[in-house]
Number of protein chains: 2
Amino acid sequence: MVEDVVRTLGFLCMGSRLRRIGERLQADTQQVIDEAGLGIQAGQYPFLAAIDRAGPLTIGELAQAVGITQPGATRTTGQLLELGYVDMQPAPDDQRRRLVSLTAKGQDLVDYSKKVIWPRIAAAVADLCGDLDGPILEQLAAIEDGLAVAPLARRSPVKEET
Amino acid sequence: MVEDVVRTLGFLCMGSRLRRIGERLQADTQQVIDEAGLGIQAGQYPFLAAIDRAGPLTIGELAQAVGITQPGATRTTGQLLELGYVDMQPAPDDQRRRLVSLTAKGQDLVDYSKKVIWPRIAAAVADLCGDLDGPILEQLAAIEDGLAVAPLARRSPVKEET
DNA sequence: GGATGTTATATAACGTGTTATAGATTAAAT
DNA sequence: ATTTAATCTATAACACGTTATATAACATCC
């Protein structure tokens with residue numbers, strides 16, 4: 001049995017580690033979705049949820065809402081279009097923007113998911129995290145906020161720009 | 001300004017969120033490495049650290065040590081070979097196994113990194129996480145252990161296999 | 001009102017993880 | 001001993017993120 005260096009090295013490998021856990025969680029989430037017989041990828045859900053919450057959004061707004069870059073949003077939106085869950089049309093006032101909205105099929109999926117799938121996933125994750133010492137979600141938020149204030153490179157002691 | 005749905009949805013999107021933060025941290029880490037003028041990728045470091053800690057390891061052991069799948073380990077090892085940081089030769093007792101070891105150049109890089117780079121990165125991450133309520137590293141460990149015991153699908157209430 | 005710059009989306013090329021599968025070597029079984 | 005099964009690494013195909021850049025539409029300035 002080999003030691004898990006990422007775990008052993010602590011803060012040094014926290015990036016790798018968060019990613020690794022995130023990937024694992026998403027894979028597990030996918031399994032729950034598949035078991036429910038839904039033809040959708042876990043990573044596509046936030047897009048649908050964003051539109052459901054805020055109404056039709058442009059590609060750029062979707063990218064912001066789900067926290068990825070614009071080309072990624074373009075691609076995932078293309079997949080959702082292909083699957084028939086969303087519709088896309090130029091914004092009336094600005095032909096550059098494409099407004100992405102839910103189709104009836106997409107709204108059905110969201111409604112069903114909100115009722116059946118999402119609570120199940122959230123409950124499973126809560127169960128997993130329930131026994132933790134601290135409020136993990138707030139800590140993640142604090143990390144995100146901290147990174148927004150000053151990236152790691154600006155926190156490494158070599159460049160004391162006092 | 002559009003709301004961050006991944007953040008808003010909490011436990012439901014924790015997978016995406018952890019991944020997102022991990023990617024951001026790794027990108028920031030890469031910047032620190034680049035500023036130090038080292039020609040290496042952040043994701044390659046755990047491989048070197050694993051060999052440094054445990055001595056020569058096989059591809060499979062490396063995969064285990066850094067927590068990815070074997071094909072990923074094969075690829076990254078190939079890159080490190082190309083860069084001249086590691087050497088690879090068949091295990092004497094079993095021709096299927098390939099023992100990966102540090103070259104002099106690789107050991108130099110590790111020694112320098114241990115002294116200069118890694119403490120800098122670890123300090124920056126610790127600074128980022130310092131003000132948190134709870135011990136984030138232990139919480140991550142608890143999540144990993146929890147997933148090992150029962151994946152999400154086995155924690156979702158639909159399949160009560162009592 | 002035409003040149004110039006800016007903004008929004010699309011596309012290309014790449015990085016790094018995954019799963020599925022092939023090839024080579026070792027172990028086991030008849 | 002030869003066949004069969006198991007193990008280890010390599011390779012192929014794909015998923016999904018990134019950066020860099022092209023194209024189209026809008027805004028501005030003379």
Side-chain angles (χ1 to χ4, degrees), chain A residues 2 6 15-31 33-34 40-47 56-64 66-83 86 88-100, chain B residues 2 6 15-31 33-34 39-47 57-64 66-83 86 88-100:
Chain A
V2 184
V6 169
S16 296
R17 195 164 175 199
L18 288 174
R19 215 168 89 166
R20 201 170 79 177
I21 300 174
E23 272 159 13
R24 171 73 196 276
L25 270 183
Q26 265 202 298
D28 277 23
T29 301
Q30 188 65 53
Q31 201 188 331
I33 294 170
D34 292 345
I40 191 168
Q41 297 300 116
Q44 297 169 342
Y45 257 144
F47 285 76
L57 293 172
T58 66
I59 295 284
E61 288 168 333
L62 275 172
Q64 248 190 291
V66 307
I68 63 172
T69 55
Q70 170 261 310
T74 295
R75 172 159 32 182
T76 300
T77 301
Q79 295 166 351
L80 291 171
L81 253 170
E82 198 77 13
L83 291 167
V86 303
M88 192 162 81
Q89 47 189 329
D93 57 320
D94 185 340
Q95 298 283 90
R96 291 170 303 180
R97 304 188 175 197
R98 304 297 179 80
L99 273 175
V100 183
Chain B
V2 184
V6 170
S16 296
R17 196 164 175 201
L18 288 173
R19 216 166 91 164
R20 201 170 79 176
I21 299 174
E23 271 159 13
R24 172 72 197 276
L25 270 182
Q26 266 203 299
D28 278 24
T29 300
Q30 189 63 55
Q31 202 187 331
I33 294 169
D34 291 345
I40 193 170
Q41 297 300 115
Q44 297 170 341
Y45 257 144
F47 285 76
L57 294 172
T58 67
I59 295 284
E61 288 168 334
L62 274 172
Q64 247 192 293
V66 307
I68 63 172
T69 55
Q70 170 263 310
T74 295
R75 173 159 33 184
T76 299
T77 301
Q79 295 166 350
L80 291 171
L81 253 171
E82 198 76 15
L83 291 167
V86 303
M88 194 162 80
Q89 47 189 330
D93 56 320
D94 186 340
Q95 298 283 87
R96 290 170 303 179
R97 302 187 176 196
R98 305 298 179 80
L99 273 176
V100 183

Open item on the list: Does C:dA8 have its OP1 or OP2 closer than 4.0 Å to a side-chain nitrogen or oxygen of A:R97?
Closed with: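 So the side chain of A:R97 is within the cut-off, an N or O lying under 4.0 Å from OP1 or OP2 of C:dA8.
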If you take all heavy atoms of [X] and [Y], which pair is closest and at what distance?
X	Y	result
B:L83	B:G39	CD1-O, 4.3 Å
A:V86	A:T77	CG2-O, 4.1 Å
A:I40	A:Q30	O-NE2, 3.0 Å
A:A42	A:I33	CA-CD1, 3.7 Å
B:S16	A:Q26	OG-NE2, 3.3 Å
A:P92	A:L99	CD-CD1, 4.3 Å

Open item on the list: Here's a test of your reading of the structure: between A:D93 and A:F47, which maps to the more 5' nucleotide of DNA chain D?
Closed with: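 Mapping each residue to its closest nucleotide by heavy atoms, the 5'-most match is A:F47.
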Task: B:R20 side-chain N/O to A:G22 backbone N/O, donor-acceptor pair under 3.5 Å - done: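 The answer is no, because no donor-acceptor pair under 3.5 Å joins these two groups.
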Please state how far atom [atom1] in [X] lies from atom [atom2] in [N], giving the value in whole angstrom units.
X	N	atom1	atom2	value
B:Y45	C:dT16	OH	P	14 Å
B:L80	C:dT16	CG	P	11 Å
A:Q26	C:dT19	CD	P	14 Å
A:Q95	D:dA25	CD	P	7 Å
B:L18	C:dG17	CG	P	17 Å
B:Q79	D:dA10	CD	C1'	15 Å
A:I59	C:dT7	CD1	C1'	15 Å
A:Q41	D:dA15	CD	C1'	8 Å

Open item on the list: So if I take residues 66-77 of chain B and measure heavy-atom distances to DNA chain D, which residues fall below 4.0 Å?
Closed with: B:Q70, B:P71, B:T74
Open item on the list: So if I take every side-chain heavy atom of B:E23 and compare against D:dG17, C:dT16, C:dA8, which nucleotide ends up nearest?
Closed with: D:dG17
Task: Proximity to the side chain of B:D94 - top-ranked nucleotide from C:dG17, C:dT25, C:dT9 - done: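 Output: C:dT25.
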TODO: Measure distances between side-chain N and O atoms of B:R96 and base N and O atoms of D:dT7, and say whether any donor-acceptor pair falls under 3.5 Å.
DONE: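 Answer is yes: a donor-acceptor pair is held.
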- [ ] Between A:R19 and A:R98, name the one whose nearest nucleotide on DNA chain C is closer to the 5' end.
- [x] A:R98
